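What you see is a predicted model; the values in this text were computed from it and never measured. Chain identifiers are assigned alphabetically (A, B, ...) following the order of the sequence lines, protein sequences preceding nucleic acid strands; residue numbering begins at 1 within each chain.
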There are 2 protein chains.
Amino acid sequence: MNESATSENSRTRAPRGQVTDIYRTLRDRICLLRYPPGMLLGEHELAEEFAVSRTPVRQALQRLEYDGLTETRNGVGTMVTGVDPNAFRDIYAFRLRLSEMMGEFPAEDEAPRALSTILLLQDRLVALRGQRDMEAFWQLNHELHHATNRLIANLALRETHERYYFQASRIWYSVIEAFFEEQITDLASELNEIEGALRAGDIRAVGYIQRNHIAFGLHRVASAHTAV
Amino acid sequence: MNESATSENSRTRAPRGQVTDIYRTLRDRICLLRYPPGMLLGEHELAEEFAVSRTPVRQALQRLEYDGLTETRNGVGTMVTGVDPNAFRDIYAFRLRLSEMMGEFPAEDEAPRALSTILLLQDRLVALRGQRDMEAFWQLNHELHHATNRLIANLALRETHERYYFQASRIWYSVIEAFFEEQITDLASELNEIEGALRAGDIRAVGYIQRNHIAFGLHRVASAHTAV
DNA sequence: ATTTGCCAACCTGTATGCAGCTATGGAATG
DNA sequence: CATTCCATAGCTGCATACAGGTTGGCAAAT
């Protein structure tokens, strides 16, 4: 399982290679909670792992800090940021709006491609049932995000959509374990609904479907927090 | 005129000092078109100017590239990105939506502060009439942006609002010269309208006012492009 | 005169040494 | 035994040397 070989870039401008690979790898680890909030990352340690010097690692860490995923303090190290409940609420509220906005900038010609991806994901989700494989589930979500992201014709919205997907995902995954079956079922519904919308060529509907399922997830997280 | 001494940071997390100063300075120069699109920036040259080594300069340039304001190519240098008409249209369309969204997350307690800022800006705008001082005009817009930005209670929206303000501004300023008086008049109206909205405590109105004036600017730019 | 190939100057990407800062543990003192 | 101080190890921030890549110009051959 080569984790750095994630799918191709959805953004217009492709950043540099090596640093970007490290960046994506670390970002994914953070979002997967393999690097939990509060964990301290050492530049030397990472440099050793990736078989490079500290310089490219530092660049990747600086991007992560710019994304708000980490925080670097002089003399201490780079630590994964915690999940501030306020920021969490803000991000979710914002993502709801972004999804609603999606239909206003539909990339019609991407619909067939997205549809074929959805069909693939449906199969993979079926194969995933009962396995409780968090990372595979996450990877599936990740690809769903990419597929829907490509349906947005507006570059600015697309970038923002992506940016806050990653900010939200790691919060979201902290409560997956408690609701794994529900999440699977929910994702299956989402895929089915999106499939229908794509067959009808209704990209605006895709946005609303996504919005609703984000809201479902939000509700789930909220109830989990009040329960704890 | 110390240009690096721009107002305090509106974001929640304050990045490091030295690099951020360089970053802001360069960003402002790009947005002011003092560094026009296509201009090639050398790391060594900038390092000499800021009296630091290449390392912090590189960090700042990488942030700029991440913002989409520059593009660095190996063996060549860092060049200011051009204003792709498509990206321009996307950014503007997106900003309209963001401004409309502003009223949904009002920071009520910031209203008095914003009002006093607006009153200050009104005075300064009056003093600016007939001077045709682009940079002063830009600085004024910049502070207006900060004031309205603080009225947004949602951190994610606030960050995005800021991000695309800078992306849009440099495009916008390329056509100011042809419409300077109109822009002054327009800005005066905007300030007056915002003043009224703030006195009424209607932050949602502030968002719509901003949206409308963005649309005016967009129309102006569009007509300028068709004219040329 | 035109074209082609090469070389040298310059730029970014990377590695590494050094300085400054922080936290932790132990020793000394009350 | 508790507390305070300090030394030390380890980390990041910065500077710099070196490697790899690109471009433009000059020279040579056609």
Side-chain angles (χ1 to χ4, degrees), chain A residues 4 9 11-27 29-30 34-82, chain B residues 4 9 11-27 29-30 34-82:
Chain A
S4 70
N9 198 346
R11 303 179 63 162
T12 295
R13 46 178 179 274
R16 264 181 295 308
Q18 192 175 36
V19 172
T20 303
D21 283 348
I22 299 174
Y23 163 75
R24 288 214 189 96
T25 302
L26 295 179
R27 182 193 64 185
R29 287 181 187 172
I30 292 172
R34 201 182 304 173
Y35 289 169
M39 179 169 175
L40 212 58
L41 308 176
E43 297 176 356
H44 185 71
E45 174 192 5
L46 294 172
E48 211 166 41
E49 175 187 343
F50 292 105
V52 293
S53 79
R54 281 177 51 212
T55 307
V57 172
R58 277 179 65 78
Q59 292 181 30
L61 290 175
Q62 279 154 15
R63 280 199 210 172
L64 289 173
E65 183 174 19
Y66 202 48
D67 282 345
L69 296 179
T70 61
E71 192 177 338
T72 302
R73 279 189 304 176
N74 189 356
V76 181
T78 299
M79 59 189 297
V80 180
T81 53
Chain B
S4 69
N9 198 346
R11 302 179 64 162
T12 295
R13 44 177 179 273
R16 266 182 293 309
Q18 192 176 34
V19 171
T20 303
D21 283 348
I22 299 173
Y23 163 75
R24 288 214 190 96
T25 303
L26 296 179
R27 183 192 63 185
R29 288 181 187 173
I30 291 172
R34 200 183 303 174
Y35 290 170
M39 179 171 175
L40 212 59
L41 308 176
E43 296 176 357
H44 184 71
E45 173 192 5
L46 294 172
E48 209 166 43
E49 176 187 343
F50 292 106
V52 293
S53 80
R54 281 177 51 210
T55 307
V57 171
R58 276 180 65 78
Q59 293 180 30
L61 290 176
Q62 280 155 16
R63 282 199 209 172
L64 289 173
E65 184 174 18
Y66 203 48
D67 283 344
L69 296 180
T70 62
E71 192 177 339
T72 301
R73 278 188 304 176
N74 189 354
V76 181
T78 299
M79 59 188 295
V80 180
T81 54

Would you tabulate the nitrogen or oxygen pairs shorter than 3.5 Å linking the protein to nucleotides 8-10 of chain D?
{"unit_1": "D:dG10", "atom_1": "N2", "unit_2": "A:Gly75", "atom_2": "O", "d": "3.4"}

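- The shortest distance between the side-chain N/O atoms of A:Arg58 and the OP1/OP2 oxygens of D:dG13 is below 4.0 Å.
- B:Glu49 contributes atom CD, which lies 7.5 Å from atom CG of B:Leu26 (distance to the nearest 0.5 angstrom).
- With rounding to whole Å, B:Gln62 atom CD is found 13 Å from D:dC14 atom P.
- A:Glu43 places its CD atom 18 Å from the P atom of C:dG20, with the value rounded to the nearest Å.
- Interatomic distance, CG of B:Leu64 versus OG1 of B:Thr72, reported as 8.5 Å (0.5 Å rounding).
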Steps toward side-chain contact (heavy atoms from CB on, under 4.5 Å) verdict (A:Val19, A:Arg63) = CA-CA 10 Å; A:Val19 172; A:Arg63 280 199 210 172; 3.9 Å; yes

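- Contact annotation for B:Leu61: no contact, since no heavy-atom pair falls under 4.0 Å across all strands.
- Straight-line distance from the CD atom of B:Glu71 to the P atom of C:dC11: 18 Å, rounded to whole Å.
- A side chain to side chain contact (heavy atoms under 4.5 Å, CB included) with B:Pro56 holds for exactly one of B:Asp21, B:Ile22, B:Thr20; it is B:Ile22.
- Side-chain atoms of B:Arg54 and base atoms of C:dG13 include a donor and an acceptor less than 3.5 Å apart.
- D:dT23 atom P lies 11 Å from atom CE of B:Met79, rounded to whole Å.
- Considering only side-chain N and O atoms, A:Ser53 lies under 4.0 angstrom from the phosphate OP1 or OP2 of C:dA15.
- Heavy atoms of A:Leu40 sit nowhere under 4.0 angstrom from any nucleic acid atom.
- Residue B:Glu48 contributes atom CD, which lies 12 Å from atom P of D:dT16 at whole-angstrom precision.
- The distance between atom CD of A:Gln18 and atom C1' of C:dA15, rounded to the nearest whole Å, is 11 Å.
- The side-chain hydrogen bond (donor to acceptor under 3.5 Å, both in side chains) test applied to B:Tyr23 returns A:Tyr66, B:Asp67, not counting sequence neighbours.
- Closest to the side chain of B:Thr72, from the set C:dT12, C:dC21, D:dA15, is C:dT12.
- With hydrogens and angles ignored, the 3.5 Å screen pairs no side-chain donor or acceptor of A:Thr78 with any backbone N or O of A:Thr70.
- Rounded to whole Å, atom C1' of D:dG13 lies 17 Å from atom NE2 of A:His44.
- For the pair B:Asn74 CG and D:dA19 P, the computed distance is 15 Å after rounding to whole Å.
- The closest side-chain heavy-atom distance from B:Leu61 to B:Glu65 is not below 4.5 Å.
- Annotation: the terminal axes of the helix from C:dA1-D:dT30 to C:dG30-D:dC1 meet at 10°, where each axis is the rotation carrying the C1' atoms of four end pairs onto the next four (5 pairs per end, rounded to 10°).
- Expressed to the nearest 0.5 Å, how far CG of A:Leu46 lies from CZ of A:Arg29 amounts to 7.5 Å.
- Taken to the nearest 0.5 Å, the CD atom of B:Gln62 stands 6.5 Å off from the CD atom of A:Gln62.
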